[in-house]
Each structure stands twice: as C-alpha cells, then as structure tokens.
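Report on one structure; see the data block that follows.
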Amino acid sequence: MLRQLVDRLEKEQALPPAGLVSLLQTDDEDAVAYLAYRARMVAQSRFGRGVYVRGLVEISNVCRNNCYYCGIRRGNATAVRYRLGVEDIVACCREGHRAGFRTFVLQGGEDPAQDEEFVARVVTALHKEFPDSAITLSLGEKPQASYERFFRAGANRYLLRHETFGESHYRLLHPEEMSRKARLQCLYALKRIGYQVGTGIMVGSPGQTLQNVVDDLLFMSHFRPQMIGVGPFVPHRATPFADELPGSVSLTLRLLSVLRLMHPASLIPATTALSTLSDDGHVLGVLAGANVVMPNLSPINKRACYELYNRKAAWGAESAEGLAILQKQLETVGYHVDYSRGDYKE
Ligand code: 5AD
C-alpha cells in the first residue's frame with residue numbers, strides 16, 4: 001500500500017529504492033495527495049506556516065562552461081552578456097534589506113573576471129553593511145582555497161547542484177571538460193569548510209531515467225545537504241536541448257514531498273523553474289513541502305539577460321517588488337512570508 005510507504009518514509013526518512021520508485025511513478029491521486037499532506041505536516045512542525053524569502057542577485061551571466069542545458073553557456077552567441085560591479089551588487093542588497101530580506105543569494109556563471117579577489121571584496125562589503133543577514137553564494141566550482149576565503153570573509157551558505165549523480169547521465173548533460181567528480185569534490189569541500197550546503201537536480205533533464213532520480217535521492221540521503229534545489233528542466237532555444245520537452249511539474253512536486261520526508265529540517269525552495277512552468281508554482285511547491293522562495297533582486301534592466309531557460313520568471317511574485325503578491329498568494333492557503341534569516345537548524 002502506497003500510504004504505508006509514505007508513513008514508513010516519514011518515520012525512517014528512507015525507503016528501499018523500489019519504494020521510492022513506486023511513490024514517484026504512481027498515478028494514484030489519493031496516494032500523491034497523502035504524500036504531499038505528510039510532507040507539509042513535517043514542514044509545518046519545523047517552520048510553522050512561514051515561508052522564508054531569499055533575495056537573489058544574479059551577478060554575472062558570463063560563463064566559462066558550456067553545459068548543454070543552460071542558456072548562459074559560453075557557446076550561446078545570442079546571449080547579451082553583463083556583469084555587475086561591487087557597488088551594483090551592494091546596491092541591490094541594500095534595496096533588498098530595506099524590503100525586509102535577511103538572506104542574499106549571489107548567483108552567477110563561472111565568470112573569470114569575477115575572480116577570487118572580486119568575490120571576497122563583495123562578501124566583505126555585504127558582511128560589513130548587513131551583519132544581521134546571511135550571505136549565500138551560488139557561483140559554481142572554485143578552488144577550495146577560494147571557498148575558504150569567501151567563508152572567512154563572511155559567506156555562510158553555498159548552493160551547487162550536483163545536477164545528476166549518474167556518471168553516464170552527467171556525460172549526456174555536460175561537455176568532456178567538465179566532471180562529476182570535480183563537482184562532488186567541491187560539495188564535500190564546502191561541507192568541510194563549514195558552509196550550509198545546497199545541492200539538487202533538474203527534473204526531466206534530457207536522458208534522465210527514474211533510476212537516475214532514485215540515485216540522486218540516495219546520494220542526497222548520504223550527503224545530507226542543508227538546502228535542496230529541485231526544479232523542472234525547461235528548454236532554452238539557443239542550446240543543444242532547444243527541442244527537448246520540459247520536465248514534469250507533477251513529478252517535481254512529488255519529489256519535493258519525498259525530499260521533505262527524507263530531510264525534515266532542510267531548506268527546500270519552490271524554485272523559479274517551477275513558477276515558470278506553472279502560475280501557482282510557489283503555492284503548489286509550498287503545499288508539497290517546500291519552505292523557501294527566492295524572489296529576484298537583480299537590477300531590473302539586467303533580469304531578462306540572466307536567461308537560464310526560456311521565459312524564466314523574474315517578475316511579480318518571483319521578484320523583490322512583488323513580495324506583496326507573494327504574501328497574498330501564500331495567504332490564500334494559510335501561509336505567510338517569513339522574513340527571518342532562517343538558518344538551518346537540526
Ligand atoms: N532548466 C532548468 N534549470 C536549469 N538550470 C540551468 N539550466 C536550466 C534549464 N534549462 C539550473 C541548474 C543550475 C541552476 C542555477 O539552474 O540546475 O544548477
């Protein structure tokens with residue numbers, strides 16, 4: 001019985017692979033509803049009905065990598081490139097701080113011009129001006145010494161999705177010069193240094209099998225990330241995957257619920273990609289067990305340039321100006337925005 005699998009998953013925070021497969025592929029609507037119900041009860045017991053907000057600043061769309069799925073890959077000659085300077089970034093965060101944000105997420109491509117020195121300067125400046133706020137970095141793979149320097153400068157958290165745990169699936173998504181091993185080494189280094197670490201995957205990326213997803217779940221069970229980012233794959237017109245289908249919203253929601261039951265204390269966002277595919281993505285994500293939303297704080301005239309995939313949401317409830325809209329949407333299901341910095345608590 002599927003309900004019993006849900007109960008067992010909640011109690012043991014684990015299931016044999018076959019049980020995970022059953023929950024992810026069932027089309028029994030009652031079972032899926034029960035899975036989501038237990039996931040949001042677990043989230044509520046930790047976080048109440050509050051949803052943490054994180055201000056997202058996209059600091060550069062220049063990237064040395066060429067991932068087949070990503071719209072800012074270096075091979076996309078149609079992308080209009082930009083990079084923000086230290087003062088631009090601080091100004092975005094200042095505006096965010098005034099709006100109530102107490103976590104800033106600096107995300108960018110692996111831009112060689114934003115070197116270790118640059119990032120350390122940004123983190124130092126933010127830490128000095130906003131000592132009450134958490135600083136999250138999402139800047140890809142860096143030498144361990146750089147991660148250490150950013151941490152000493154005041155960064156607290158790092159987001160780096162593993163994208164897929166399977167070696168052959170990894171090869172399907174990335175060119176030869178990138179490696180799954182390097183990615184995993186970065187993740188373990190970040191943990192060792194003391195960051196709260198986030199990892200995760202795209203749902204429905206080309207070539208992904210249910211077995212891949214189960215392997216991702218088992219990897220995350222072993223790695224114990226403090227944050228878990230899972231959103232649907234969305235094609236981008238100027239990538240090799242332009243003609244692929246988007247990932248499934250319903251599988252994404254189930255996966256959020258399963259992850260919540262496996263990681264009761266983790267910070268799990270209702271992602272931008274989910275909102276891009278579904279107008280009520282935030283609400284659906286929260287009702288499936290997510291407890292974080294990351295509204296866009298990037299300069300308005302740059303937002304359209306940070307296009308990881310087609311029609312990426314960056315407006316309304318997906319933006320810092322739209323916090324009131326987000327609050328209204330959450331209120332319709334009895335939730336509210338929580339402005340506290342929301343560190344991971346065991
Ligand atoms: N669809 C969905 N998510 C994507 N990302 C990159 N490209 C896409 C896409 N086409 C995700 C990756 C990356 C994060 C910043 O955005 O998982 O880690």
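Quick caveat, the model's predicted, so the values are computed rather than measured. Remember, it's 1-based here, ligands and their atoms both numbered in the order they're listed.
Taking atom 16 (O) of ligand 1 as the reference point, the nearest protein heavy-atom neighbour is L308 CD1, 3.5 Å. Closest to atom 7 (N) of ligand 1 among all protein heavy atoms lies Y69 CD1, 3.4 Å. When hydrogens are left out, the protein atom nearest atom 11 (C) of ligand 1 is R161 NH1, 3.7 Å; that is the closest non-hydrogen contact. For atom 1 (N) of ligand 1, the closest non-hydrogen atom of the protein is V234 N, 2.9 Å.
Residue contact check: F233 has heavy atoms under 4.0 Å from atoms 1 (N), 2 (C), 10 (N) of ligand 1. Applying the 4.0 Å criterion to heavy atoms of C70 picks out, from ligand 1, the atoms 7 (N).
Residues H174 and Y68 place their aromatic rings such that the two centres sit no closer than 6.0 Å. For an aromatic pair to be called close, the ring centres must be under 6.0 Å apart, and Y309 with H236 fails this.
Relative orientation of the F165 and H162 rings is perpendicular, given thresholds of 30° and 60° on the angle between their planes. Ring geometry, F233 versus F241: the interplanar angle exceeds 60°, so the pair is classed perpendicular (tilted spans 30 to 60°).
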**OP:** For the pair R237 and E307, evaluate salt bridge (charged side-chain N to carboxylate O under 4.0 Å, His left out) and give the outcome as yes or no after the intermediate values.
**Re:** CA-CA 10 Å; R237 65 193 171 287; E307 197 183 19; 2.9 Å; yes
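In terms of polar-atom proximity, Y309 is not counted as a contact of ligand 1, lacking any N or O under 3.5 Å from an N or O of the ligand.
Under 4.0 angstrom from ligand 1, the non-hydrogen atoms of E163 all belong to its side chain.
At least one heavy atom of M202 sits closer than 4.0 Å to an atom of ligand 1. The shell of residues lying under 4.0 angstrom from ligand 1, judged by heavy atoms, includes P232.
Salt-bridge check for R102 with D132: passed, with a basic side-chain N closer than 4.0 Å to an acidic carboxylate O.
E58 contributes atom CD, which lies 10.0 Å from atom OG of S138 (distance to the nearest 0.5 angstrom).
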